[in-house]
Q: 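I'd like to ask you about the structure that follows.
Given the structure is predicted, the values throughout are model-derived calculations rather than measurements.
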Amino acid sequence: MPEKWRGIITEINATADRYLLAISGGVDSMFMLAFFARNSTVPFRVAHFNHGLRASADAEESLVRRWCAERDITFLTGRGDPAAMREASSLEAEARRQRYGFLDAVRAEGEMLVTAHHANDQLETVLLRLMRGYPDTNLRMRKVAGNRYKPFLSVPKEEIVRQATLRKIPWIEDGSNADTAHERNWVRNVLVPQMMERRNVLRTIALREGEPDAAPDGPSYC
């Protein structure tokens, strides 16, 4: 097993006594779910929030529910208020508020909430916070912050997709990720590709300051 994947597994099994995994049905979170199912010695439950915004929302919920049922993993689900999201001044902010409201409500005492953020998310977050005027000391997501844990912050998206494809992990692509009307999607699909033409900003911004400077090596994580 490649050393860097072994390090992530060791960290997962030492960071908390119990986990609540936030699983959307997309490639990032389904990879995370499969990774935990195979490698975690720590008990965990799964929580899925159905925003009700997309035609694929019910299919995503069904995918996660079925995957958990086949492995006897506790599955929790909640449904959002899409009308309130669409009427809000920021649909993204209201969707996030509802989602984390649900996750915090179902998280049991002593459980750490785990999300599937990765290195590309870190890059996008730094750029968004710079544009929004965040202080220099608060630009980056932390791997552990309070009761929230992001074990894959040092893994690029490309590696996650590669591993999920290699392992035949099912997922549903979120079609809304291509909608550049949403600010994060504009950063992801327009700004970052333009920046990458001049410099590898994924490496210089997201994979620095103590984080590994490359994806875990080798063809597999187990």
Side-chain angles (χ1 to χ4, degrees), residues 2-12 15 21-24 26-33 35-36 90-93 95-97 99-100 103 112-166 171 173-219 221:
E3 184 63 32
K4 290 178 180 178
W5 284 122
R6 187 158 38 236
I8 293 174
I9 293 168
T10 298
E11 181 187 275
I12 284 172
T15 297
L21 274 55
I23 306 298
S24 68
V27 63
D28 307 331
S29 65
M30 289 302 294
F31 164 79
M32 181 176 77
L33 176 54
F35 191 98
F36 268 73
S90 169
L91 184 149
E92 293 172 280
R96 185 180 189 280
R97 186 194 68 78
R99 177 175 179 245
Y100 276 98
L103 293 171
M112 182 166 280
L113 177 63
V114 188
T115 58
H117 293 87
H118 47 69
N120 296 66
D121 292 320
Q122 180 75 286
L123 171 59
E124 294 161 14
T125 296
V126 169
L127 295 174
L128 282 165
R129 289 179 177 180
L130 275 170
M131 292 191 297
R132 294 168 180 171
Y134 276 58
D136 293 347
T137 55
N138 194 27
L139 294 177
R140 299 169 65 82
M141 292 186 288
R142 291 178 291 166
K143 183 173 285 189
V144 178
N147 56 27
R148 296 182 184 179
Y149 177 37
K150 302 174 179 65
F152 299 105
L153 273 186
S154 64
V155 183
K157 171 85 170 194
E158 180 182 17
E159 179 65 10
I160 289 174
V161 173
R162 190 175 78 86
Q163 291 289 344
T165 302
L166 178 69
W171 78 83
E173 198 66 38
D174 181 355
S176 69
N177 285 336
D179 184 0
T180 54
H182 301 307
E183 194 169 42
R184 181 174 286 272
N185 289 345
W186 175 78
V187 169
R188 176 182 302 145
N189 297 315
V190 179
L191 182 59
V192 168
Q194 290 179 355
M195 296 176 76
M196 290 287 285
E197 291 177 3
R198 293 296 186 98
R199 188 177 299 275
N200 187 344
V201 289
L202 179 63
R203 181 178 296 275
T204 59
I205 295 177
L207 296 172
R208 66 175 180 85
E209 295 185 4
E211 297 288 2
D213 62 359
D217 302 315
Y221 56 77

Q: Test of understanding: with side chain to side chain contact (heavy atoms under 4.5 Å, CB included), list the residues that count as partners of Ala22, not counting sequence neighbours.
A: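 Side chain to side chain contact (heavy atoms under 4.5 Å, CB included) list for Ala22, sorted by chain: Arg99, Leu103, Leu113, Thr115.
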
Q: Mind checking salt bridge (charged side-chain N to carboxylate O under 4.0 Å, His left out) for Lys150 and listing every partner two or more places apart, or none if nothing turns up?
A: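 Partners of Lys150 by the salt bridge (charged side-chain N to carboxylate O under 4.0 Å, His left out) criterion come out as none, since no residue qualifies.
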
Q: Under the side-chain hydrogen bond (donor to acceptor under 3.5 Å, both in side chains) rule, collect the residues that match up with Arg132, sequence neighbours excluded.
A: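 Partners of Arg132 under the side-chain hydrogen bond (donor to acceptor under 3.5 Å, both in side chains) test: Glu183.
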
Q: Applying side chain to side chain contact (heavy atoms under 4.5 Å, CB included), name anything that partners Arg96, two or more places apart in sequence or on another chain.
A: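 Partners of Arg96 under the side chain to side chain contact (heavy atoms under 4.5 Å, CB included) test: Tyr100, Arg148.
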
Q: Under the side chain to side chain contact (heavy atoms under 4.5 Å, CB included) rule, collect the residues that match up with Pro193, sequence neighbours excluded.
A: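 Scan of Pro193 (side chain to side chain contact (heavy atoms under 4.5 Å, CB included), adjacent residues dropped) gives none.
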
Q: Salt bridge (charged side-chain N to carboxylate O under 4.0 Å, His left out) with Arg199: which residues, sequence neighbours excluded?
A: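 Expected list: none.
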
Q: Could you check whether any side-chain heavy atom of Val187 comes within less than 4.5 Å of a side-chain heavy atom of Met131, counting everything from C-beta outward?
A: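 Result yes, sub-4.5 Å side-chain heavy-atom pair found.
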
Q: Could you pull out all residues at least two apart from Glu92 that satisfy salt bridge (charged side-chain N to carboxylate O under 4.0 Å, His left out)?
A: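 Partners of Glu92 under the salt bridge (charged side-chain N to carboxylate O under 4.0 Å, His left out) test: none.
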
Q: Residues two or more places apart in sequence or in another chain: which of them pass side-chain hydrogen bond (donor to acceptor under 3.5 Å, both in side chains) with Glu158?
A: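 For Glu158 there are no side-chain hydrogen bond (donor to acceptor under 3.5 Å, both in side chains) partners, ignoring immediate neighbours.
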
Q: Quick one: does any side-chain atom of Gln122 pair with a main-chain N or O of Met141 as donor and acceptor, under 3.5 Å?
A: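 Answer holds: yes.
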
Q: Quick one: does Leu128's side chain get under 4.5 Å of Trp186's, heavy atoms only?
A: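 No - every pair of side-chain heavy atoms lies 4.5 Å or more apart.
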
Q: Asn185: which residues meet the side-chain hydrogen bond (donor to acceptor under 3.5 Å, both in side chains) condition with it, sequence neighbours left out?
A: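 By the side-chain hydrogen bond (donor to acceptor under 3.5 Å, both in side chains) rule, Asn185 matches Arg188.
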
Q: Crowded around Asp136 CG? As in, over 12 foreign heavy atoms under 6.0 Å?
A: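 For Asp136, atom CG is not crowded (no more than 12 foreign heavy atoms under 6.0 Å).
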
Q: Which pairs count as ring-ring contact (aromatic ring centres under 6.0 Å, His included) when at least one residue sits in residues 119-163, sequence neighbours excluded?
A: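 Checked against ring-ring contact (aromatic ring centres under 6.0 Å, His included) - neighbours excluded - the pairs reaching residues 119-163 are Tyr19-Tyr149, Phe31-Phe152, Phe35-Phe152.
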
Q: The criterion is salt bridge (charged side-chain N to carboxylate O under 4.0 Å, His left out); which residues satisfy it with Arg184, sequence neighbours excluded?
A: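 Result, salt bridge (charged side-chain N to carboxylate O under 4.0 Å, His left out) vs Arg184: Glu124.
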
Q: Sequence neighbours left out, what passes side-chain hydrogen bond (donor to acceptor under 3.5 Å, both in side chains) with Asn120? Give chain and number order.
A: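 Asn120 satisfies side-chain hydrogen bond (donor to acceptor under 3.5 Å, both in side chains) with no other residue.
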
